[in-house]
Amino acid sequence: MVDSHQPLKKFSWRCPSNIAIVKYWGKKGNQIPCNASLSMSLTHSFSEVTLELFDKKSKEDVELNYFFEGKKNPLFEDRLRKYLKEQKADFPFVKDQAVTIHSHNSFPHSAGIASSASAFGALALSLSEAALTYFTKEKDFLQNASRLARLGSGSACRSVYPRFALWGKIKNVPASSDQFAIPVTTIHNNFKNLQDAILIIDNKPKKVSSTVGHSLMKNHPFAKKRFAQANDRASRLLQILANGDLQEFISITESEALTLHAMMLTSDNYYILMKPGTLLAIEKIMSFRRETQIPVCFTLDAGPNVHVLYPESDKKAVNEFLNSNFKKGIKEILFDKLGNGPQKLKC
Ligand code: DP6
């Protein structure tokens, strides 16, 4: 007798989160970025997804059960159902099989880390693997997973590669695309073991979501200039990652973080996501750099938390500085670093 609780097939992937150095902010059409972005993948901040396929019991287009950290999550389940419906050509198994997905994150929900990049990365990898047998034409597996991740959440498309990834068409990189990210392969030793300590300044849900933030770039007075600037910075950053220029890396990284927030401050419906603690941390990091000449810098995503980036060779001094200056007054420090990309898990 066949055990109806045993899945017909099972796939499982771990995918890291990423932090953008050059920021994606503004999109058009079907998840097409208004400018190129370039990010680093992390190691310890990741999502794990297990996908199980069963015989269908109903006539629903998509028979889906989604569990986050062991509990049914109807909100994300609806978002995922819509995604699977829209991408049905890519996931033919959804027509005859019921899908159960279990997902969890390595970082606490309250850490304030955006989880959509790692979650959609791991989902796209698992779903693409499940779809592999349906296609005879060979596709680049990671590139296809990146495209599918992008359709779930833009920044997720950069999470499927190790180390650094570039998303968005730029003139001097023929392989670059708005549809998927590509890996950045020429990386100087200065950046190979880049550290990222995440200062959790505030862990409450954001007042304004990234989706709303992206949409505010539509009529933004500085949009055109901003998109051109980001494309230019993405090409410059590729050169910097290759030649190891830490000072140039610091200028682009910090200016990108401040420009992202400047876009929020100057949109028609302006808003502020930084907190007093964010500015305090930024000032401390800048004066520590001035005093010690250690090439440490900060970046921000669309929230108040501060990512502190520094080479592994300065880890001891920077960690001491962070532990003595930020142990009090902030929620937590998560010590992370550049990562080696996603991992297929045994199931
Ligand atoms: C500020 O990828 O979360 O982190 O495509 O709507 O899911 P959606 O947006 P999302 O935006 C990320 C914005 C950012 C910058 C970045 O990661 O490049």
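Numbering of ligands and ligand atoms starts at 1, following listing order.
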Classify the contact between Ala20 and ligand 1 as side chain, backbone, both or neither, using a heavy-atom distance cut-off of under 4.0 Å. side chain

If you measure every N/O of Asp301 against every N/O of ligand 1, is any gap under 3.5 Å? no

Give a yes/no on ligand 1: does Arg150 have at least one heavy atom closer than 4.0 angstrom to it? no

Could you list the atoms of ligand 1 found under 4.0 angstrom from a heavy atom of Trp25? 1 (C), 13 (C)

For Phe326, does the six-membered ring have the charged nitrogen or CZ of Lys284 within the cation-pi criterion, i.e. under 6.0 angstrom from the centroid and within 45° of the normal? yes

Hey, do the aromatic rings of Phe191 and Phe249 have their centres closer than 6.0 Å? yes

Looking at every heavy atom in both His44 and Asp336, which two are closest together, and how far apart are they? N-OD1, 2.8 Å

Mind checking whether Tyr24 has an N or O less than 3.5 Å away from an N or O of ligand 1? yes

Atom indices of ligand 1, in the order listed, that fall short of 4.0 Å to a heavy atom of Lys27: 5 (O), 6 (O), 8 (P)

For ligand 1, which atoms, with element, lie under 4.0 Å from some heavy atom of Gly154? 2 (O), 5 (O), 7 (O), 8 (P)

side-chain contact (heavy atoms from CB on, under 4.5 Å) with Val308: which of Asn319, Asp196, Ile198, Ile285? Ile285

Mind running side chain to side chain contact (heavy atoms under 4.5 Å, CB included) on Gln31 and Cys157 for me, showing each step along the way? CA-CA 11 Å; Gln31 291 282 102; Cys157 75; over 6 Å; no

Numbering the atoms of ligand 1 from 1, which are under 4.0 Å from a heavy atom of Ala302? 1 (C)

Return a yes/no value for Ser153: is any of its N or O atoms, backbone included, closer than 3.5 angstrom to an N or O of ligand 1? yes

Treating Ile, Leu, Val, Met, Phe, Trp and Tyr as nodes and any side-chain heavy-atom pair under 4.5 angstrom as an edge, say whether Met286 and Leu279 lie in one connected cluster. yes

Among His214, Arg158, His261, Met263, closest by any non-hydrogen atom to atom 11 (O) of ligand 1: His214

Give a yes or no on whether the ring-centroid distance for Phe76 and Phe120 is below 6.0 angstrom. yes

